[in-house]
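Letters A, B, ... are given to chains in the order of the sequence lines, protein chains preceding strands, and every chain is numbered from 1.
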Protein chains: 2
Amino acid sequence: MLNDRSPAFSQDCNECPIRHRAVCARCETDELARLDEIKYYRRFEAGQTVIWSGDRMDFVGSVVSGIATLTQTMEDGRTQMVGLLLPSDFVGRPGRNAAAYDVTATTDLVMCCFRKTPFEDLMNRTPHIAQRLLEMTLDELDAAREWMLVLGRKTAREKIASLLSIIARRDASINLRSATGDVVFDLPLTREAMADYLGLTLETVSRQISALRKDGVIALEGKRHVTVPDMTRLLEEAGDDADGGVFA
Amino acid sequence: MLNDRSPAFSQDCNECPIRHRAVCARCETDELARLDEIKYYRRFEAGQTVIWSGDRMDFVGSVVSGIATLTQTMEDGRTQMVGLLLPSDFVGRPGRNAAAYDVTATTDLVMCCFRKTPFEDLMNRTPHIAQRLLEMTLDELDAAREWMLVLGRKTAREKIASLLSIIARRDASINLRSATGDVVFDLPLTREAMADYLGLTLETVSRQISALRKDGVIALEGKRHVTVPDMTRLLEEAGDDADGGVFA
DNA sequence: CCCATACTTTGACCCAGATCAAGAGCCCCT
DNA sequence: AGGGGCTCTTGATCTGGGTCAAAGTATGGG
């Protein structure tokens with residue numbers, strides 16, 4: 001399976017996202033084979049730290065399954081999540097040795113990693129890797145800037161609705177809609193982690209989720225399982241431009 | 001001057017930042033010459049809009065002199081600044097046609113631009129351009145994420161101190177210290193623009209600046225000219241890790 | 001089965017920063 | 001000089017979300 005180099009494979013590969021996302025079908029077969037040679041897998045349990053901010057980071061890699069968070073912490077303990085890594089997201093920085101933020105697994109996590117030196121060598125010989133990484137990084141930058149609007153200007157309710165929209169949009173299980181067309185997914189984060197993402201306290205997160213439930217914007221089963229009967233309504237609550245994206 | 005291709009030039013060039021920052025001395029002379037062939041300059045007056053979010057953007061470029069801001073706006077008018085472009089900063093996205101945010105000149109502005117198609121062609125033939133752009137984009141991503149911590153978790157006073165630190169660090173005139181070692185610079189933004197960067201109101205910005213002045217953290221001459229007698233103190237006020245960076 | 005631990009909800013109260021309002025300083029134009 | 005825009009400051013008041021506190025709910029271990 002991992003050695004299949006057909007075009008179809010490089011389209012559909014979930015097994016090794018860097019291969020699919022960073023390299024795609026544009027590179028020659030030999031380079032793909034080289035990537036396979038130097039890659040390795042790492043597994044983490046929920047709650048485990050992948051790397052601490054400031055530590056030496058001698059690898060780059062992407063998420064195969066599970067969810068990881070990037071967080072920054074002040075000396076007094078205030079914490080802000082600065083990124084959410086879902087399957088196929090890339091982490092690590094060619095050309096720099098220290099991690100800039102804590103990376104933590106919030107669920108069981110599998111990453112596809114490359115030791116930095118061989119990866120950089122390969123990147124130098126394979127222009128498309130740098131170009132693909134550039135595209136991915138620009139996407140992340142756009143996402144980070146969009147999040148700055150959420151953090152700086154949105155109300156607590158809008159923040160929650162924005163987070164739910166993003167998770168709905170990106171969570172793989174979103175592809176499964178119920179018979180009635182509802183959007184259904186599981187929250188991969190605790191209330192505290194959501195608070196850290198949104199610049200709120202966990203109490204406010206809890207209150208706003210309750211409020212959205214009372215107002216019929218979402219339905220909850222247990223603490224984590226969310227049903228969105230009307231995605232357009234949720235996007236309105238988030239204060240987003242009403243284009244609706246994939247849900248239009 | 002613009003045709004000087006000595007190594008010293010590519011180190012010191014202020015005239016065409018993309019050449020210095022995106023290409024540097026690693027590329028061959030021919031490619032540098034090609035960059036010179038396709039570049040052109042654009043001038044904007046203070047307050048003028050470079051491009052509106054959503055508009056077709058058929059160029060990329062970098063700031064030669066002056067200051068521009070990237071902002072996002074909600075329908076109801078709430079706006080968040082998501083980036084500050086100082087001289088040598090790059091803007092634009094190879095491979096995408098629509099601008100993702102408003103770009104506005106806040107001072108008189110000169111940009112060094114490249115039409116997108118020839119730039120992309122050149123990038124495809126010159127791997128170092130993509131690699132250098134990747135580095136620059138990763139820097140911007142780190143800065144954006146650092147700003148997320150400011151927006152999400154810092155108090156108004158800390159936000160102001162953080163902004164002043166960043167401007168002090170990046171403003172070219174910082175290199176000029178007064179005889180006593182004070183750090184001196186001009187604020188390139190109105191109170192309202194600072195508020196939009198920090199997720200505050202302009203009244204709060206004004207009050208916090210007054211408070212910092214009263215407490216002797218900064219001194220003001222007129223509305224815009226700032227003197228910082230003790231940079232370490234300012235960084236403490238910003239809640240930053242006390243490494244001090246260039247000011248240590 | 002019961003307890004410990006971690007996560008979540010809800011209530012009561014408070015405060016940092018928003019909002020509303022009034023001037024003050026400044027620059028440019030006529 | 002005098003006005004008309006700006007930008008900026010300062011005061012008074014209000015409020016969204018933080019803080020503190022307590023109780024509810026899973027889940028897993030002994």
5' precedence on DNA chain C between A:S206 and A:R153 (nearest-nucleotide basis): A:S206

Of the listed nucleotides (D:dT10, D:dT25, D:dC8), which one gets closest to any side-chain atom of B:R191? D:dC8

From C-beta outward on A:T155, which listed nucleotide comes closest to its side chain: D:dT10, D:dG17, D:dG18? D:dG17

Does A:R207 contact C:dG11 through a side-chain donor or acceptor facing the base, at a distance under 3.5 Å? yes

Minimum-distance nucleotide to B:A156 side chain [options: D:dC8, C:dG17, C:dT10]: C:dG17

Which one, D:dT10, C:dA18, C:dT9, comes nearest to the side chain of B:S210? D:dT10

Rounded to the nearest Å, what distance is computed from the CD atom of residue A:E203 to the C1' atom of nucleotide C:dC7? 12 Å

Worked verdict on B:D102 versus B:L70 for side chain to side chain contact (heavy atoms under 4.5 Å, CB included): CA-CA 6 Å; B:D102 300 332; B:L70 308 181; over 6 Å; no

Closest nucleotide among C:dC7, C:dA21, D:dC8 to the B:R224 side chain: D:dC8

Nearest to the side chain of A:L200, heavy atoms from C-beta on, is which of D:dT10, C:dT10, D:dG17? D:dG17

Result for 5'-nearest mapping on DNA chain D, choosing between B:L189 and A:Q208, is B:L189

Atom NZ of A:K154 and atom C1' of D:dG16 are separated, to the nearest Å, by 17 Å

